[in-house]
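Convention: sequence-line order gives letters A, B, ...; per-chain numbering from 1.
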Number of protein chains: 2
Amino acid sequence: RPHFVTGVKVQLEMQALWQQFDQLGTEMIVTKAGRRMFPTFQVHISGMDPAADYVLLMDFIPVDDKRYRYAFHSSSWLVAARADVATPGRMHFHPDSPAKGSQWMKQTVSFDALKLTNNLLDDNGHMILNSMHRYQPRFHVVYVDPRQDSQLHAHRNFCTFSFPETRFIAVTAYQNHRITQLKIASNPFAKGFRTTDPDDWPVTYLLAFIHNDDYPPSHSVFGTPTGHFNIENIFFF
Amino acid sequence: RPHFVTGVKVQLEMQALWQQFDQLGTEMIVTKAGRRMFPTFQVHISGMDPAADYVLLMDFIPVDDKRYRYAFHSSSWLVAARADVATPGRMHFHPDSPAKGSQWMKQTVSFDALKLTNNLLDDNGHMILNSMHRYQPRFHVVYVDPRQDSQLHAHRNFCTFSFPETRFIAVTAYQNHRITQLKIASNPFAKGFRTTDPDDWPVTYLLAFIHNDDYPPSHSVFGTPTGHFNIENIFFF
DNA sequence: AGATTACCACCTAGGTGCAAAGGT
DNA sequence: ACCTTTGCACCTAGGTGGTAATCT
């Protein structure tokens with residue numbers, strides 16, 4: 001009974017919102033104490049073996065070897081330098097892991113507990129990122145093989161999904177004012193900063209998906225499996 | 001390798017507070033939407049096999065076959081009638097179940113998500129109790145036996161703990177005013193009802209354990225295992 | 001100058017007992 | 001009479017970006 005992950009399909013939730021941010025150049029705040037992502041990374045999963053155990057993880061890989069800076073006069077991102085030294089990448093286990101395929105598939109899987117930090121010495125299990133660097137979130141589905149010789153088949157028990165629209169630049173303070181306004185318009189916790197008169201909001205900042213008849217999308221949009229990786233990469237780096 | 005639960009020891013947390021309530025006659029609010037218990041049922045566990053999987057559960061059994069009423073003039077509980085028809089008892093699985101013994105033992109296990117309701121048609125998974133009836137909370141440790149013939153050994157894989165000081169009468173509104181005042185004095189969420197001047201509080205309502213040098217207690221106080229019960233009782237009643 | 005930090009007012013989300021109203 | 005329900009003000013707990021101070 002091989003290939004427990006080959007049929008797995010993953011659909012990104014809130015894709016319209018992610019795309020709206022991506023068009024402006026998504027920024028995510030990093031703080032010493034740890035900051036949640038917004039939008040939250042959420043997926044809908046299908047094609048798992050309902051009775052099998054799976055572990056779900058996320059990590060963040062550098063998109064390139066660059067350090068960026070924001071040019072306010074031109075409202076654009078510029079390459080500032082070569083990337084700073086990368087810290088060893090951490091893995092974030094979804095707190096419900098491990099769980100049966102039936103559990104993961106019956107409702108949206110949300111990584112709302114995940115936090116981003118720029119503290120290299122963080123001991124709260126947050127994801128350590130370099131500010132002013134660009135990252136690609138990755139999502140991993142790991143089949144928990146109960147067999148004794150499971151390590152022999154480990155390379156078959158993983159599957160990785162990357163959604164290009166979830167890329168972002170880590171920042172300690174927002175640079176692009178349009179990103180700030182879209183965050184304020186769409187994040188319920190930032191309601192205190194909204195203009196009292198909704199008519200004042202530029203159309204760009206309104207959430208198209210709220211009034212979009214095609215939400216959720218009628219056509220499924222799947223992430224692209226980016227190939228397998230070694231089990232050592234997950235547990236020891 | 002039999003008897004995975006025989007060595008398990010369970011210590012009730014906040015025992016001094018429980019005893020303070022018990023001396024007055026603990027009351028727990030039940031509502032249609034579900035109400036949390038206060039104090040929260042919390043335990044510290046030792047003696048598990050760190051590598052074995054356990055499921056932790058709670059249920060509530062009637063202390064007697066009586067329905068009570070409160071006599072305000074004498075400030076005491078009286079027997080009002082025979083008990084109303086008992087609803088099929090539900091089991092509350094600790095949301096972290098199943099988990100390894102090492103996980104359960106490394107910190108306090110808290111049942112703060114558990115809610116009590118008087119709604120016989122509740123479909124939120126809350127514990128259904130009859131108001132004005134008296135109950136004894138029970139705590140169950142279940143070893144998850146990976147063997148195929150696990151049902152043959154099921155009677156050995158359970159252990160039940162009852163703490164007499166956690167007994168209570170379910171109510172829709174507090175009857176004993178001293179219970180109300182102790183709840184207000186000790187539950188952080190009821191701080192809005194506290195007298196602004198702490199010096200006004202009767203000594204009885206002060207939380208002895210806060211200034212008690214013996215907190216947490218230096219002597220361990222264990223619950224009394226109340227014997228084994230059949231696996232069918234847990235999963236099918 | 002550019003990037004980071006600490007503190008803040010303002011939210012969301014939900015746990016309290018109270019008081020008045022409703023039910024049987 | 002006795003018990004239950006509902007709406008409420010007042011909390012806890014924690015997620016927002018703004019702002020001013022601080023670091024390098």
Touch class at under 4.0 angstrom, heavy-atom based, for B/T31 against every strand present: nothing
Would you tell me if any nitrogen or oxygen in the side chain of A/R35 comes within less than 4.0 Å of OP1 or OP2 on D/dG17? yes
Rounded interatomic separation in angstrom, taking CD from A/Q175 and P from C/dA3: 6 Å
Whole-Å gap separating C1' (C/dT4) and OH (A/Y174): 15 Å
Closer than 4.0 Å, any side-chain N/O of A/K32 to the OP1 or OP2 of C/dA6? yes
My understanding is that only one of B/V55, B/V8, B/V43, B/V109 makes a side-chain contact (heavy atoms from CB on, under 4.5 Å) with B/W104; could you say which? B/V109
Could you please name the option among D/dC2, C/dT16, D/dG17 that lies closest to any side-chain atom of B/F38? C/dT16
In whole Å, I'd like the distance from the CZ atom of A/R194 to the C1' atom of C/dA9. 16 Å
Strictly under 6.0 Å, is that where the ring centroids of B/Y70 and B/F72 end up? yes
Less than 4.5 Å apart, any side-chain heavy atom of A/M14 and any of A/Q42? yes
Between CG of A/N130 and P of C/dA3 the distance, given in whole Å, is 14 Å
Round to a whole Å and report the spacing from CZ of A/F72 to P of C/dG2. 8 Å
Picking from C/dG17, D/dC11, D/dT4, which would you name as closest to the side chain of B/F189? D/dC11
Is B/N118 near enough to D/dT5 that one of its side-chain N or O atoms lies under 4.0 angstrom from OP1 or OP2? yes
Just the rounded figure in Å: distance from C1' of C/dG2 to OH of A/Y68. 18 Å
Donor-acceptor check, side chain of A/T117 to backbone of A/T31, threshold 3.5 angstrom: yes or no? yes
Measure from CG on B/L78 to P on D/dA1 and round the result to the nearest Å. 17 Å
Among the nucleotides D/dT16, D/dT12, D/dT4, which one has an atom lying closest to any side-chain atom of B/T172? D/dT4
Round to the nearest Å and state the distance from A/N187 atom CG to D/dG18 atom C1'. 15 Å
Pairs flagged by side-chain hydrogen bond (donor to acceptor under 3.5 Å, both in side chains) wherever residues 91-103 of chain A is involved - sequence neighbours left out: A/D53-A/K100
Applying the side-chain contact (heavy atoms from CB on, under 4.5 Å) test to A/T40, which of A/N187, A/D112, A/L114 qualifies? A/D112
Is the phosphate of C/dT4, meaning OP1 or OP2, less than 4.0 Å from a side-chain N or O of A/S131? yes
Which nucleotide in D/dC2, D/dG18, D/dG15 has an atom nearest any side-chain atom of A/F193: D/dG18
Closest-nucleotide ordering on DNA chain D, the 5'-leading residue of B/G192 and B/M132: B/M132
Can you see if the side chain of A/K115 gets near the phosphate of D/dG15 - specifically, an N or O under 4.0 Å from OP1 or OP2? yes
By nearest atom, which of the nucleotides C/dT4, C/dG17, D/dG18 is closest to the B/I184 side chain? C/dG17
Counting just side-chain N and O atoms, does B/K191 come under 4.0 Å of either OP1 or OP2 of D/dT12? yes
